[in-house]
Engineer: 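First, the structure itself, so that you have it in front of you.
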Amino acid sequence: MLLTTETHGDLTCDIDTDDASNLYHGTLKYKGYEQGRFSGNTLAAVQENFKSIAAYIDAGGIVRGGIILTQYFTNDCEGDVLTVDGEVLGTWHADEEEWCTLTLTGKAEHELGAPSPWMLHDSIIEWHYG
């Protein structure tokens with residue numbers, strides 16, 4: 001049952017609940033396209049998670065396929081990689097030739113690499129959810 005829809009610019013979150021799990025579920029959308037789902041024990045927890053995601057986007061991040069790359073639209077060429085439910089996967093980095101890598105939290109070696117940030121994002125989504 002849909003309880004509410006939170007909105008922040010082009011980012012929205014439909015929040016619903018079901019009796020079976022006793023959880024609140026957020027369906028995150030960007031410009032109407034679903035970008036991931038997350039859950040919480042309370043309505044307020046899901047609303048706060050949505051506000052956190054919106055803050056990442058406002059600061060130059062991007063969300064696609066349930067994965068957030070922070071600082072994507074900045075000149076930093078690096079940032080954190082998180083799931084929409086807040087799990088920190090690691091960091092991403094682009095070198096001077098725009099080769100991009102993902103380094104998992106606690107690891108020294110790169111897990112994934114791609115010739116652009118967009119393609120790295122695709123690889124992370126496939127790796128994490130594949």
Side-chain angles (χ1 to χ4, degrees):
M1 172 175 79
L2 181 65
L3 298 176
T4 186
T5 298
E6 301 290 315
T7 303
H8 184 88
D10 291 330
L11 198 63
T12 61
C13 184
D14 293 335
I15 302 173
D16 60 31
T17 187
D18 62 64
D19 294 330
S21 68
N22 259 353
L23 292 173
Y24 294 83
H25 308 284
T27 302
L28 184 68
K29 296 178 184 176
Y30 183 74
K31 293 187 177 183
Y33 294 97
E34 187 173 329
Q35 298 301 327
R37 290 184 51 85
F38 52 92
S39 299
N41 291 327
T42 65
L43 176 61
V46 173
Q47 290 170 319
E48 284 304 310
N49 193 18
F50 174 69
K51 288 177 186 173
S52 294
I53 294 168
Y56 285 125
I57 302 310
D58 287 349
I62 187 172
V63 59
R64 291 190 304 114
I67 302 292
I68 302 165
L69 269 60
T70 66
Q71 298 176 288
Y72 186 92
F73 293 108
T74 68
N75 293 326
D76 294 334
C77 298
E78 63 184 8
D80 293 325
V81 179
L82 309 100
T83 63
V84 293
D85 61 4
E87 178 187 1
V88 178
L89 300 176
T91 59
W92 73 276
H93 171 79
D95 66 17
E96 53 281 340
E97 295 176 6
E98 207 173 271
W99 184 259
C100 300
T101 55
L102 165 69
T103 304
L104 298 177
T105 300
K107 302 287 184 179
E109 298 294 319
H110 304 306
E111 180 71 24
L112 298 170
S116 72
W118 188 267
M119 293 175 78
L120 178 66
H121 204 170
D122 286 343
S123 295
I124 294 168
I125 294 165
E126 183 178 323
W127 166 81
H128 187 69
Y129 295 107

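Position 1 is the first residue of the sequence, and the numbers go up from there.
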Engineer: Please tell me if the side chains of Leu112 and Thr101 come closer than 4.5 Å, counting only heavy atoms from C-beta onward.
Structural biologist: no
Engineer: Counting C-beta onward and ignoring hydrogens, is there a side-chain heavy-atom pair between Ile62 and His121 closer than 4.5 Å?
Structural biologist: yes
Engineer: Calculate, to the nearest 0.5 Å, the distance between atoms CD and CD1 belonging to Gln35 and Ile125 respectively.
Structural biologist: 7.5 Å
Engineer: Specify whether His8 and Phe50 have parallel, tilted or perpendicular ring planes, treating 30° as the upper limit for parallel and 60° as the lower limit for perpendicular.
Structural biologist: perpendicular
Engineer: Going from CG on Leu69 to CG on Leu82, what distance comes out if it is rounded to the nearest 0.5 angstrom?
Structural biologist: 8.5 Å
Engineer: Indicate the ring-plane relationship of Trp92 and Tyr72, choosing parallel, tilted or perpendicular according to the 30° and 60° boundaries.
Structural biologist: tilted
Engineer: Can you confirm whether the side chains of Asp18 and Ser21 place a donor and an acceptor under 3.5 Å from each other?
Structural biologist: yes
Engineer: Looking at CG of Asp16 and OG1 of Thr27, how far apart are the two atoms once the value is rounded to the nearest 0.5 Å?
Structural biologist: 5.5 Å
Engineer: Under 3.5 Å, is there a donor on one side chain and an acceptor on the other for Thr103 and His110?
Structural biologist: yes
Engineer: Would you say the side-chain atoms of Thr17 pair up with the backbone N or O of Leu23, donor to acceptor, closer than 3.5 Å?
Structural biologist: yes
Engineer: Establish, from distance only, whether the side-chain atoms of Gln47 and Glu6 form a donor-acceptor pair under 3.5 Å.
Structural biologist: yes
Engineer: What residues form a side-chain hydrogen bond (donor to acceptor under 3.5 Å, both in side chains) with Asp80, not counting sequence neighbours?
Structural biologist: none
Engineer: Salt bridge check: are Arg37 and Asp85 linked by an N-O gap of less than 4.0 Å?
Structural biologist: no
